[in-house]
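Each chain gets a letter, A, B and so on, in the order its sequence line appears, and its residues count up from 1. Just so it is clear, the values below take in all heavy atoms, side chains as well, and ignore hydrogens, waters and symmetry mates. From a predicted model like this one, the values you see are computed outputs, not experimental measurements.
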Amino acid sequence: MTAARTAGQVPRSRWLVRGLSIVACIVLWQLASAQHLSLGFVTFRNVPPPTEVLQSAIVLLKSPKLLAHVGSSLWRVFAGYGAAVLLGIGFGFAIGRSRAASDLLLPPLELLRPIPAVAWIPLSILIFPSSEMSMIFITFIGALFPIILNTVHGVANIDRRLVASARSLGGTPTAILREIVLPGAAPSIVTGLAIGMGTSWFCLVTAEMISGQFGIGYYTWEAYTLQNYADIIVGMLVIGLLGMGSSWLLTTLGQYLMPWRQPAVAR
Amino acid sequence: MNIRISDASTRSVGRIGIERVSISLGDGADAFEAVRDLHFAIGPGELVCVLGPSGCGKSTLLGALAGHLPVTGGRLTVDGQTVLGPSPDRGIVFQQHTLFPWKRVRDNVAFGPKMRGVGKSERYHAADELLRLVGLEGFEHFYPSQLSGGMQQRVEIARVLINRPRVLLMDEPFGALDAQTRSMMQEVLLEIWTRIPTTTIFVTHDIEEALFLADRVVVMSARPGRVIEDIRLPFGRPRRAELVTEPDFVRLKRRILDLLKQPDSAKSLARLSPLGIR
């Protein structure tokens with residue numbers, strides 16, 4: 001308990017160093033851009049300084065474009081990732097619990113798994129008439145495999161003594177699935193959800209750069225083609241923030257759903 | 001709940017029949033006989049300790065009685081009914097606790113009644129009563145990981161006894177505890193057993209533990225396990241800690257030590273579990 005508290009409380013001096021580190025990075029960036037620093041193999045000639053990026057960010061914040069881009073990206077992640085969550089957890093449970101389902105579903109999944117989701121982009125543009133659907137599909141594929149595999153792992157690695165105990169206490173198969181297998185696999189499932197969320201965003205941004213009309217990935221790529229270099233970095237920052245926000249959401253959800261996993265709850 | 005308590009104490013339930021039982025474990029070429037031709041009976045309300053060298057199949061027998069392992073020969077019965085699978089009538093406590101980490105202590109204990117469809121307030125009431133009995137009042141809202149090893153096993157015992165089982169099967173339940181906690185838990189168990197008289201089979205390889213707890217000690221040989229001695233203990237109850245230094249106790253301890261030293265029980269094998277090989 002005391003150990004956990006001291007580990008959680010970082011002294012103010014350390015926070016000062018951490019803050020200064022970020023400030024130093026921004027200052028170095030400002031200097032490199034302002035001086036058009038060129039080291040031969042890498043050049044800052046076309047990199048806008050933080051001050052310019054800040055101005056562009058303010059412009060974007062005030063324009064209705066931001067909502068349209070972020071909105072369509074969020075929708076695609078919501079749809080694609082959401083489908084992956086439902087299907088991934090469902091398939092994962094089936095594969096982890098039933099030998100027949102495992103024989104039926106696992107071989108094709110194992111064959112497809114090594115293909116990076118981004119490699120699906122050309123084919124999915126051919127398969128889906130609407131580019132919207134193809135982007136959602138890429139997002140779906142990106143999240144699907146980590147979610148399935150982590151669910152299978154969690155479900156298959158349930159301590160069988162717990163299942164035996166539950167049976168000895170009168171648990172029916174359905175009750176054991178609900179009361180033992182689901183919570184037992186939950187930590188692993190949440191890990192899969194977190195990894196899937198990361199790959200989902202990664203795939204979406206790539207897909208939007210290639211075939212988007214709206215979306216934050218499209219915005220970033222459009223900024224490049226239109227030579228609005230400051231907007232590229234604004235786009236990158238927004239993508240980073242969205243990724244951070246969704247992983248925070250998952251962590252919070254995980255803590256809410258699995259209170260027993262928190263170290264040293266007050267005695 | 002109360003009806004079932006009076007049932008257990010007035011009617012004689014919990015008669016165990018072990019009738020020429022053999023149990024094989026493993027598949028194909030790796031298959032082996034864990035116990036062979038075990039034959040003994042246990043009367044209602046008896047506390048029987050089964051002693052034997054590691055790997056002799058005593059835990060295997062327990063697993064079969066719990067209904068987690070099939071017998072390959074003979075028959076296991078409880079009150080005349082053949083054991084066919086797990087049932088809340090036959091509660092089992094493992095060496096390492098099997099409390100559900102995601103359930104608070106109260107919900108762990110209330111699991112059995114929940115499976116029977118007992119309403120929330122009624123099953124919590126019953127759970128709190130059992131927790132009081134095992135000395136864990138005030139810990140209802142804790143998660144298992146927040147408790148010490150001894151407390152975890154108390155919860156485990158409460159969770160089994162809330163179902164008022166006909167028999168209580170214990171597989172070295174205190175084997176993972178330190179010596180001091182272990183002897184305290186032995187006294188706790190005897191007190192609970194006096195309050196809720198339940199036929200108990202207690203598997204251990206600790207001779208002193210067996211002699212301190214049991215009405216009767218069954219000594220098994222090395223694998224394949226057979227009964228080599230069945231001793232009814234002359235000690236009265238309640239048992240006190242001083243018992244372990246009395247001449248009768250020491251004499252019996254020496255006798256069992258000699259039994260376990262016999263050449264065919266010398267080879268030490270990997271521990272078996274009530275769920276099979278591992």
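- A heavy-atom distance below 4.5 Å is not found between the side chains of B:Trp102 and A:Pro259.
- With rounding to the nearest 0.5 angstrom, the OG atom of A:Ser165 is 5.5 Å from the CD atom of B:Glu156.
- Expressed to the nearest 0.5 Å, how far CD1 of B:Ile92 lies from CG of A:Leu169 amounts to 10.5 Å.
- Each of A:Val163, A:Leu162, A:Asp159 was evaluated against B:Thr98; a single residue qualifies, A:Leu162, per the side-chain contact (heavy atoms from CB on, under 4.5 Å) test.
- A:Trp260 contributes atom CH2, which lies 10.0 Å from atom NZ of B:Lys103 (distance to the nearest 0.5 angstrom).
- Closest non-hydrogen pair, B:Met115 versus A:Ala175, comes out as SD-CB, 3.5 Å.
- Around the CZ atom of A:Phe78, the shell of radius 6.0 Å holds no more than 12 heavy atoms that belong to other residues, nucleotides or ligands.
- In this structure, B:Asp107 has no salt bridge (charged side-chain N to carboxylate O under 4.0 Å, His left out) partners at least two apart in sequence or on a different chain.
- Using a distance-only test at 3.5 Å, with no hydrogens or angles considered, no donor-acceptor pair links the side chain of A:Arg167 to the main chain of B:Pro88.
- In this structure, B:Leu275 CG and A:Arg160 CZ are separated by 5.0 Å, a value rounded to the nearest 0.5 Å.
- Heavy-atom contacts from other residues, nucleotides or ligands closer than 6.0 Å to CG of B:Asp27 number 12 or fewer.
- Rounded to the nearest 0.5 angstrom, A:Ser168 OG and B:Phe111 CZ are separated by 11.0 Å.
- Distance CZ/B:Phe100 to CD1/A:Ile180: 3.5 Å, rounded to 0.5 Å.
- Across B:Arg159, B:His97, B:Arg90, the residue that shares the most heavy-atom pairs under 4.5 angstrom with chain A is B:Arg159.
- With chain A as partner, the option from B:Ser87, B:Pro144, B:Gly91 having the largest number of non-hydrogen pairs under 4.5 angstrom is B:Ser87.
- Environment of CZ in A:Phe202: sparse, with no more than 12 heavy atoms of neighbouring residues, nucleotides or ligands closer than 6.0 Å.
- Applying the side chain to side chain contact (heavy atoms under 4.5 Å, CB included) rule to A:Ile239 yields the partners A:Val205, A:Ile216, A:Thr220; only residues at least two apart in sequence or on another chain are considered.
- For A:Arg12, the CZ atom is loosely surrounded, since the number of other residues' heavy atoms within 6.0 Å does not exceed 12.
- Counting heavy-atom neighbours within 6.0 Å of B:Met184 CE, excluding the residue itself, gives a total above 12.
- Looking at A:Ala186, there are no atoms closer than 4.5 Å to chain B (heavy atoms on both sides), in backbone or side chain.
- Closest approach of A:Arg161 and B:Gln96 over heavy atoms only: NH1-O, 2.8 Å.
- Counting non-hydrogen atoms of neighbouring residues, nucleotides and ligands closer than 6.0 angstrom, the CD atom of A:Glu110 exceeds 12 such neighbours.
- Proximity to chain A is limited to the backbone of B:Leu99, based on heavy atoms less than 4.5 angstrom apart.
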